[in-house]
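What follows is a short report on a single structure.
Note on naming: letters A, B, ... go to the chains in the order of the sequence lines (proteins, then strands), and numbering restarts at 1 for each one.
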Amino acid sequence: GQSLEQPSEVTAVEGAIVQINCTYQTSGFYGLSWYQQHDGGAPTFLSYNALDGLEETGRFSSFLSRSDSYGYLLLQELQMKDSASYFCAVHASGGSYIPTFGRGTSLIVHP
Amino acid sequence: DVKVTQSSRYLVKRTGEKVFLECVQDMDHENMFWYRQDPGLGLRLIYFSYDVKMKEKGDIPEGYSVSREKKERFSLILESASTNQTSMYLCASSLGGTGPNYGYTFGSGTRLTVV
């Protein structure tokens, strides 16, 4: 099976940079996804990493190190609207490539 | 934009009732999924389907069944609702395969309360 670890909560101030870490254990690793979910809303897809390195999409970047079974989501120039839960999800051949989600990190952005 | 629509936002059902949760997607996606989301537990996969008439068990299928008679529609069925099935239920769809363009699109969820 797959397992993931991410912090339950992270706090930061507006304008700052925050990093949300995710470590995973799996066999047949294929890729790591990130999703954002606002309270009462649907999870929305943010990014996907299959290879080592950093993928940048606007203020959000996602990093993967396959050798360390580790990834992170980096949010820059934080805004109040970034307050949400963030889930990492691992895709693995053992799981039919369907993502297994972590328990989520609640990001609280203060003014 | 892909739309995944879940028929009900809130449902209250009695213990022992048969419950149907409906999900429709409008982008011809091959794959459809049902998750439940509980505080502190993240999203857990109940069932998924790669094609019409096909279904596969996820991590927590007990007490649930599914139906996919048409490509755009995926139904979750609680055969006999129990209080431990009180949860947020999320439907999702995706193109076949996995990769950067294959992120899931989720519906807004159905919050089911079983009393």
Side-chain angles (χ1 to χ4, degrees), chain A residues 1-9 20 22 24 26 28-51 53-57 60-62 64 73 84-106, chain B residues 1-6 8-10 23-25 27 29-51 54-61 66 74 88-111:
Chain A
Q2 295 87 35
S3 68
L4 299 96
E5 291 288 333
Q6 53 181 128
S8 59
E9 186 177 294
I20 299 174
C22 175
Y24 59 85
T26 188
F29 175 84
Y30 199 82
L32 190 73
S33 298
W34 288 92
Y35 285 78
Q36 178 192 60
Q37 185 181 30
H38 288 98
D39 271 352
T44 56
F45 173 69
L46 292 176
S47 66
Y48 174 85
N49 295 67
L51 302 176
L54 192 69
E55 297 276 347
E56 298 182 56
T57 308
F60 292 6
S61 303
S62 57
L64 176 65
L73 182 69
S85 292
Y86 293 85
F87 295 88
C88 60
V90 66
H91 303 241
S93 58
S96 303
Y97 304 103
I98 296 170
T100 297
F101 287 84
R103 297 188 176 196
T105 298
S106 176
Chain B
D1 280 353
V2 177
K3 291 284 191 298
V4 177
T5 304
Q6 295 184 229
S8 303
R9 188 77 171 109
Y10 298 94
C23 175
V24 177
Q25 52 95 2
M27 282 300 288
H29 280 177
E30 290 86 359
N31 304 333
M32 296 189 75
F33 309 84
W34 275 106
Y35 287 86
R36 65 176 283 177
Q37 183 174 25
D38 301 286
L41 296 180
L43 285 76
R44 293 180 292 166
L45 182 65
I46 305 171
Y47 266 96
F48 61 99
S49 170
Y50 287 131
D51 202 349
M54 288 186 58
K55 58 184 179 183
E56 297 285 344
K57 292 180 180 179
D59 299 318
I60 51 164
V66 290
F74 192 36
M88 172 68 85
Y89 290 88
L90 290 163
C91 175
S93 72
S94 75
L95 290 168
T98 183
N101 294 320
Y102 299 153
Y104 286 17
T105 300
F106 282 86
S108 296
T110 296
R111 185 167 294 282

Note to self: Less than 4.5 Å to any heavy atom of chain A: does that hold for the side chain of B/Q6, its backbone, both, or neither?
What the structure shows: neither
Item checked: Residue part contacting chain B, namely of A/Q37, when any heavy atom lies under 4.5 Å -> side chain
Next item on the list: Might you point out which heavy atoms bring B/Q25 and B/H29 nearest each other, and give the distance in Å?
Entry: NE2-O, 2.9 Å
Next item on the list: Give the minimum heavy-atom separation between A/N49 and A/G53, together with the two atoms involved.
Entry: ND2-O, 3.6 Å
Item checked: Residue among A/F87, A/Y86, A/F45 satisfying ring pair (Phe, Tyr, Trp, His ring centres under 6.0 Å) with A/Y35 -> A/F45
Note to self: Nearest 0.5 angstrom please: B/N31 CG to B/T105 OG1, how far?
What the structure shows: 11.5 Å
Next item on the list: Can you tell which part of B/R44 gets under 4.5 Å to a heavy atom of chain A, answering side chain, backbone, both or neither?
Entry: neither
Item checked: Part of B/L43 lying under 4.5 Å from any heavy atom of chain A -> both
Next item on the list: Please look at B/L41 and chain A and tell me whether the side chain, the backbone, both or neither of the residue comes under 4.5 angstrom of a heavy atom of that chain.
Entry: both
Notebook entry, point to check: For the residue pair B/S93 and B/V4, what are the closest heavy atoms and their distance?
Noted result: OG-CG2, 3.5 Å
Next item on the list: For chain B, find which of A/P43, A/S106, A/G102, A/S85 contributes the most heavy-atom pairs closer than 4.5 angstrom.
Entry: A/P43
